[in-house]
Amino acid sequence: MVLVNKKMLLGGMAMIIVGLVFTININAATPIGQAGMTEEEVIDLMIAEQENADYNTLAGIVFGLGFLLVLISFGARRKKGKPTKNVEKKVE
């Protein structure tokens, strides 16, 4: 029997799903340039490409944190029935 903290596991899975959905959505909306663009249009395209890359990084961070939560959820709960022992040392 594997000890799993279900709240952390579900939260991690939700973050993984959100990260994947964001990644797919961001990569589907990649800005594309065209020939004969003015300098202002080129600058706007470069800004849009940078925003796209930043959003992609953010989605990757959300995915990574979700994955870490899933990993941490295994073993995050103590076994029932085994009380922890408090050890006291005598000072002489």
Side-chain angles (χ1 to χ4, degrees):
M1 185 171 137
V2 178
L3 299 175
V4 177
N5 188 335
K6 292 180 183 176
K7 288 182 182 179
M8 287 180 76
L9 181 66
L10 292 176
M13 286 182 167
M15 288 179 76
I16 288 173
I17 292 169
V18 167
L20 283 175
V21 168
F22 281 169
T23 301
I24 292 169
N25 192 17
I26 290 166
N27 288 332
T30 303
I32 299 174
Q34 56 188 354
M37 294 172 59
T38 64
E39 190 164 330
E40 185 177 320
E41 291 174 336
V42 170
I43 292 172
D44 289 340
L45 176 65
M46 290 173 51
I47 291 172
E49 287 176 344
Q50 184 63 43
E51 286 177 354
N52 194 10
D54 293 342
Y55 284 134
N56 203 6
T57 302
L58 184 62
I61 290 170
V62 170
F63 179 85
L65 288 175
F67 184 71
L68 283 176
L69 275 177
V70 169
L71 288 180
I72 291 170
S73 71
F74 293 101
R77 191 172 62 176
R78 292 184 185 172
K79 293 182 180 180
K80 293 182 181 177
K82 288 190 177 181
T84 58
K85 296 180 181 178
N86 292 335
V87 178
E88 295 182 14
K89 294 182 180 180
K90 292 183 180 180
V91 179
E92 295 180 18

Colleague: Taking Gln50 as the fixed residue, which of Ile47, Asn52, Asp54 is the one that meets the side chain to side chain contact (heavy atoms under 4.5 Å, CB included) rule?
Modeller: Asp54
Colleague: Specify the closest pair of heavy atoms between Thr23 and Ala59, including all atoms of both residues, with the distance to one decimal.
Modeller: OG1-CB, 3.5 Å
Colleague: Taking all heavy atoms of Leu65 and all of Met15, pick out the closest pair and write down the distance.
Modeller: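 For Leu65 and Met15, the tightest heavy-atom pair comes out as CB-CE, 3.7 Å.
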Colleague: Do the side chains of Phe67 and Phe74 join up, straight or via other hydrophobic residues, at under 4.5 Å, putting them in one cluster?
Modeller: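 Both belong to a single hydrophobic cluster.
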Colleague: Minimum heavy-atom separation for Met8 to Leu69, with atom names?
Modeller: CE-CD2, 3.7 Å
Colleague: Are Met37 and Met46 grouped together when hydrophobic residues (ILVMFWY) are joined by side-chain heavy atoms under 4.5 angstrom apart?
Modeller: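 In one cluster with Met37: Met46, yes.
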Colleague: Do Ile17 and Ile26 sit in the same hydrophobic cluster, where Ile, Leu, Val, Met, Phe, Trp and Tyr count as joined when their side-chain heavy atoms come under 4.5 Å apart?
Modeller: no
Colleague: Search all heavy atoms of Ile32 against all heavy atoms of Leu45 and return the closest pair with its distance.
Modeller: C-CD1, 3.9 Å
Colleague: Check Val21, Ile16, Val18 against Phe63 for a side chain to side chain contact (heavy atoms under 4.5 Å, CB included) and give me the one that passes.
Modeller: Ile16
